[in-house]
Amino acid sequence: MKSHSLTTGDQIDFPVIHDHRGNLSFIEGGEHVPFDIERVYYLYDVPGGAERGGHAHEDLEQVIICMSGSFDLVLDDGKEKKRVHLNRSHYGIYVGSMVWREMDNFSSGCVCMVLASRKYEESDYIRDYSDFQARSVEVVKS
Ligand code: T46
């Protein structure tokens, strides 16, 4: 696996192979994404005005990609908040563990694909913001 020094919010640019038939991008686990991909999921048919996320993960790492349309991703490490607008499928945003994420401003027809380092585990979710803040302070101290 390539060595990576990504921090949350970093953009990962995927290869783009362009010819007269259009574009092709590809993603290899451990090469373009800093973990072995254990799970892929996607969000689609999101109604206008909907908000998703609103939680953090204790251990999960993800790369979030906008395959079609657009949406905003808000990343909060407990100290600072950053809003990123995603609207192209040739890059993804790295989201490490212990980051509160929210997603909104979905366009019609938006498709968001997420590459994840672990299988789905409800026990990895932190769904209470004050709990997240208290735990992110502990992470900084340790
Ligand atoms: C994140 C954003 C971008 C599963 O059964 N398997 C799965 O792999 C996932 C992701 C979810 N679920 C179930 C758990 C809930 O009952 O699907 C339901 C909706 O999940 P959730 O409310 O977590 O969905 P989002 O869109 O708010 O958040 C998801 C990811 O959980 C989260 O890690 O970063 O997408």
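Numbering of ligands and ligand atoms starts at 1, following listing order. Computed from a predicted model, the values in this text were never measured in an experiment. For the single chain, residues carry numbers from 1 onward in sequence order. All heavy atoms count here, side chains included; hydrogens, waters and symmetry mates do not.
Using modelled atom types, one finds a donor on one side chain and an acceptor on the other under 3.5 Å when comparing Gln62 with Tyr41.
The contact set between ligand 1 and Gly53, taken as ligand atoms under 4.0 Å from a residue heavy atom, comprises 25 (P), 27 (O). Below 4.0 Å from some heavy atom of Gln62 lie the following atoms of ligand 1, by number and element: 1 (C), 33 (O), 34 (O). For ligand 1, the atoms sitting less than 4.0 Å from at least one non-hydrogen atom of His57 are 32 (C), 33 (O), numbered in the order shown with element in parentheses. The contact set between ligand 1 and Arg101, taken as ligand atoms under 4.0 Å from a residue heavy atom, comprises 1 (C), 33 (O), 34 (O).
Put simply, the side chain of Ser70 never gets that close to the backbone of Asn87: no donor and acceptor are under 3.5 Å apart. Panel note: side chain Ser25, backbone Phe14; no donor-acceptor pair is recorded below 3.5 Å.
Two rings, from His32 and Phe26, have their centers less than 6.0 Å apart.
Checked by distance only, ligand 1 and Tyr120 stay at 3.5 Å or farther apart across all their nitrogen or oxygen atoms. Checking only distances, Leu43 never comes within under 3.5 Å of ligand 1, N or O to N or O.
Within 6.0 Å of the OH atom in Tyr125, the count of heavy atoms belonging to other residues, nucleotides or ligands exceeds 12. For Arg39, the CZ atom sits in a packed shell: over 12 heavy atoms of surrounding residues, nucleotides or ligands are nearer than 6.0 Å. Within a 6.0 Å sphere centred on CZ of Arg21, heavy atoms belonging to other residues, nucleotides or ligands number 12 at most.
Following chains of ILVMFWY side-chain contacts shorter than 4.5 Å, one can reach Met103 starting from Val84, so the two form part of one hydrophobic cluster.
Heavy-atom proximity to atom 21 (P) of ligand 1, evaluated over His55, Met103, Glu121, Arg118, is greatest for His55.
The protein does not reach atom 17 (O) of ligand 1 closely, with no heavy atom under 4.0 angstrom from it. Within the 4.0 Å cut-off (strictly below), a protein heavy atom is located near atom 31 (O) of ligand 1. The nearest protein heavy atom to atom 26 (O) of ligand 1 is closer than 4.0 Å.
Looking from atom 10 (C) of ligand 1 to the surrounding protein, the closest heavy atom is Arg39 NH1, 3.4 Å. Protein heavy atom in closest approach to atom 22 (O) of ligand 1: Arg127 NH1, 4.3 Å. Atom 2 (C) of ligand 1 has as its closest protein heavy atom Tyr41 OH, 3.5 Å. When hydrogens are left out, the protein atom nearest atom 20 (O) of ligand 1 is Arg52 NH2, 4.6 Å; that is the closest non-hydrogen contact.
Taking the six-membered ring where tryptophan is involved, the planes of Tyr129 and Phe132 are tilted, since the angle between them lies from 30° to 60°.
Using a non-hydrogen distance threshold of 4.0 Å, Glu122 does not register as a contact of ligand 1.
Take Arg118 and apply the salt bridge (Lys or Arg N to Asp or Glu O under 4.0 Å) test, not counting sequence neighbours, and it matches Glu121.
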